[in-house]
2 protein chains.
Amino acid sequence: MNIGQDAYKVTWLVRRLFRAMAESADSYLGNNGLTAADRAVMEFLYPDTRLTVPDIARRYQVSRQHVQVTVNRLLDTELLINVENPRHKRSSLLRLTQQGRELFASIRRHEGALLDDIFAGLKPEEVAVTRRTLETLLGHFLETHHD
Amino acid sequence: MNIGQDAYKVTWLVRRLFRAMAESADSYLGNNGLTAADRAVMEFLYPDTRLTVPDIARRYQVSRQHVQVTVNRLLDTELLINVENPRHKRSSLLRLTQQGRELFASIRRHEGALLDDIFAGLKPEEVAVTRRTLETLLGHFLETHHD
DNA sequence: TTGATAATGACAACTTAATTGTCATTATCA
DNA sequence: TGATAATGACAATTAAGTTGTCATTATCAA
């Protein structure tokens with residue numbers, strides 16, 4: 001019974017957990033001089049994917065101008081480099097530098113350790129159920145709001 | 001097995017679901033000329049709680065100046081009224097007007113219907129497991145990041 | 001009771017992470 | 001080839017906050 005109570009609480013928890021996760025991420029990314037947008041861009045390129053700015057913008061679902069600014073900052077700090085794009089002269093491909101790849105790998109390790117800690121003690125089946133439930137919810141949310 | 005994969009996916013889903021929920025909320029709140037901050041403030045006062053601006057700021061964990069602006073807007077649109085504060089002459093208590101209470105109730109009904117839709121088809125046990133899992137995660141996140 | 005300290009509302013400036021608009025340049029394709 | 005679309009750069013704007021400051025008003029310890 002009372003699925004309504006649990007349903008409401010689940011949505012509340014999603015909101016609260018998002019905030020807690022964002023704070024935690026801001027803190028360890030900030031220690032490396034990165035923003036959340038930097039991390040997102042780097043994730044698209046890790047470990048050795050080559051994409052243009054508009055490619056990343058389409059995948060990240062964010063304006064290309066915003067990605068451009070983020071990418072330019074990462075080029076300045078030499079976490080990314082331009083590589084020639086055979087398909088387009090002006091729009092070069094972006095690639096992680098060795099330094100960028102190592103930094104992202106260390107971020108991944110940090111996140112992995114954090115998750116291990118945080119998920120320790122939960123039963124695998126419970127986590128699997130949670131995953132499936134959230135996937136279902138996301139599906140419904142996206143189709144209800146159809147975007 | 002692979003709790004690691006599920007763990008990572010759960011955190012991804014929390015982020016994605018948060019965005020989907022926020023978009024959906026912005027859309028129906030916007031239809032009523034409200035922002036997310038307006039809704040949050042109204043929730044603290046619903047159905048008939050009386051709080052001052054600094055009280056709300058402390059509970060909402062947000063600066064009192066920001067709450068002040070939000071509250072002033074809600075006073076302008078007559079969704080809130082000031083009532084005298086026996087404990088403080090300058091800092092009056094805030095209360096929902098009849099109109100404000102009705103609007104918030106209708107928002108609640110809308111949200112309830114949306115949740116019923118979205119959670120229909122999920123088994124109550126699954127939702128309960130999800131709730132407990134997310135509660136555990138939140139607990140760990142808060143103590144790990146200790147705030 | 002008073003006098004130092006804290007709380008409050010108002011206002012302004014700033015911040016962050018984004019968006020939208022515009023331009024010149026360069027690609028693409030019918 | 002010529003119209004249309006894509007790209008990078010730059011600027012202005014936006015949303016939802018924060019921080020700083022001021023004058024006023026409370027509160028509390030001596």
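We name chains A, B, ... by the order of the sequence lines, and we start the count at 1 in each one.
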| request: For nucleotides 8-20 of chain C, just jot down a letter per nucleotide in 5' to 3' order: B, S or -, based on protein non-hydrogen atoms under 4.0 Å. | output: BBBB-----SSBB
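The backbone N or O of Arg132(B) sits less than 3.5 Å from a side-chain atom of Thr136(B), completing a donor-acceptor pair.
Checking dA13(C) for Watson-Crick or G-U wobble geometry (two distances, each under 3.5 Å) identifies dT18(D) as its partner. Base pairing of dC10(D) is made with dG21(C), judged by Watson-Crick or G-U wobble geometry with both donor-acceptor distances under 3.5 Å. Across every strand in view, dT5(C) sits in a pair with dA26(D) that passes the Watson-Crick or G-U test at under 3.5 angstrom.
Counting heavy atoms from C-beta on, the side chains of Leu137(A) and Phe119(B) come closer than 4.5 Å. Looking at heavy atoms from C-beta onward, Asp48(A) lies out of side-chain contact with Leu96(A) at the 4.5 angstrom threshold. Side-chain atoms of Leu138(A) and Trp12(B), non-hydrogen and from C-beta on, do get closer than 4.5 Å to each other.
Under 4.0 Å is where a charged nitrogen must lie from a carboxylate oxygen, and between Arg50(B) and Glu84(B) no such pair does.
Nucleotide dG17(D) holds its P atom 14 Å from the CD atom of Glu23(A), rounded to whole Å.
For the pair Arg16(B) and Phe141(A), the cation-pi test (distance below 6.0 Å, angle within 45°) is failed.
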